[in-house]
Peer 1: 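What follows is a structure written as structure tokens; I'll ask about it next.
For ligands, and for the atoms within them, numbers begin at 1 and follow the listed sequence.
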Amino acid sequence: MTTFRPNAATYGIPSLGAGDGDKDRGRDGSKSDTGTIAKSKPKTRRPSLYRVLLLNDDYTPMEFVVLVLQDVFNKTREDAMRIMLHVHNQGLGECGVYPFEVAETKVTRVMDTARKNQHPLQCVMEKQ
Ligand code: TYC
């Protein structure tokens, strides 16, 4: 059985250049030996974000849109009214910005609840 032996690199702690094996090599593998502390690049990636947009139509009741914005997008009554009126006047408007799967779930919830209530309300997502 092999034993897990954590070292400084395990925790992303930068190592000193001299006398530390290969850990002080640059990106191209060359030995720099400057004695300066090299920051290790964090291996995290920010998720792509998606805007969720509501589209205007002539038939969905304003109150229904306000309730959807409160329920699905957790908006206050005041924010929901503001967004609904923006969509009504401008043709479309942003309800929020989320990682892909969150945005997708919100679009599905809006479309499902609109269909169940026989309203033509449309909701889409676009990469930011
Ligand atoms: N235009 C609709 C009406 O006058 C209201 C509405 C607002 C519909 C926003 C959709 O995304 C929407 N009843």
Side-chain angles (χ1 to χ4, degrees):
M1 199 184 83
T2 52
T3 312
F4 175 57
R5 291 191 198 289
N7 58 20
T10 310
Y11 301 108
I13 298 167
S15 59
L16 288 175
D20 203 13
D22 279 343
K23 292 190 188 71
D24 55 341
R25 285 184 191 278
R27 271 181 194 274
D28 61 356
S30 64
K31 198 99 163 157
S32 47
D33 242 2
T34 57
T36 54
I37 294 171
K39 247 192 184 162
S40 57
K41 187 165 170 267
K43 284 161 197 65
T44 53
R45 285 242 162 265
R46 279 193 297 271
S48 301
L49 294 177
Y50 292 77
R51 304 173 73 206
V52 176
L53 306 168
L54 269 187
L55 309 186
N56 189 37
D57 66 74
D58 292 338
Y59 305 103
T60 305
M62 290 185 173
E63 179 61 18
F64 182 82
V65 178
V66 171
L67 291 176
V68 164
L69 285 162
Q70 289 183 252
D71 188 42
V72 177
F73 298 96
N74 306 312
K75 301 297 182 188
T76 62
R77 179 91 191 159
E78 293 70 28
D79 279 352
M81 287 277 244
R82 186 180 47 73
I83 294 167
M84 182 279 295
L85 285 174
H86 176 92
V87 176
H88 177 71
N89 291 316
Q90 305 299 319
L92 85 177
E94 184 181 294
C95 311
V97 178
Y98 310 94
F100 182 86
E101 282 177 15
V102 179
E104 200 182 33
T105 302
K106 291 193 187 289
V107 170
T108 301
R109 282 182 66 191
V110 173
M111 298 298 282
D112 283 357
T113 188
R115 185 160 15 83
K116 278 182 191 137
N117 289 279
Q118 298 185 299
H119 297 312
L121 181 63
Q122 295 291 307
C123 183
V124 298
M125 58 195 267
E126 64 170 33
K127 197 165 186 200
Q128 217 186 19

Peer 1: Mind listing the N or O contacts between ligand 1 and protein, cut-off under 3.5 Å?
Peer 2:
{"residue": "ligand 1", "atom": "1 (N)", "partner": "Asn56", "partner atom": "OD1", "Å": "2.8"}
{"residue": "ligand 1", "atom": "1 (N)", "partner": "Asp57", "partner atom": "O", "Å": "2.7"}
{"residue": "ligand 1", "atom": "1 (N)", "partner": "His88", "partner atom": "ND1", "Å": "2.9"}
{"residue": "ligand 1", "atom": "4 (O)", "partner": "His88", "partner atom": "ND1", "Å": "3.4"}
{"residue": "ligand 1", "atom": "11 (O)", "partner": "Leu55", "partner atom": "O", "Å": "2.8"}
{"residue": "ligand 1", "atom": "13 (N)", "partner": "Thr60", "partner atom": "O", "Å": "2.9"}

Peer 1: Sequence neighbours left out, what passes side-chain contact (heavy atoms from CB on, under 4.5 Å) with Phe64? Give chain and number order.
Peer 2: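 If we apply the side-chain contact (heavy atoms from CB on, under 4.5 Å) test to Phe64, skipping adjacent residues, the hits are Thr60, Pro61, Val68, Thr113, Ala114, Asn117, His119, Leu121.
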
Peer 1: May I ask you to decide whether Glu63 forms a salt bridge with Arg77, counting only side-chain N to carboxylate O separations under 4.0 Å?
Peer 2: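 A salt bridge links Glu63 with Arg77.
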
Peer 1: Could you tell me whether Arg82 and Asp79 have a side-chain N and a carboxylate O separated by less than 4.0 Å?
Peer 2: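 Salt bridge: yes.
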
Peer 1: Looking only at heavy atoms, what is the nearest atom pair of Met81 and Val66, with distance?
Peer 2: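 It is SD-CG2, 4.0 Å.
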
Peer 1: Heavy atoms, side chains only, cut-off 4.5 Å: are Leu54 and Leu69 in contact?
Peer 2: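 Side-chain contact under 4.5 Å: yes.
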
Peer 1: Work out which heavy atom in Cys95 is nearest to a heavy atom in Leu53; give both atom names and the distance.
Peer 2: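 For Cys95 and Leu53, the tightest heavy-atom pair comes out as SG-C, 4.4 Å.
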
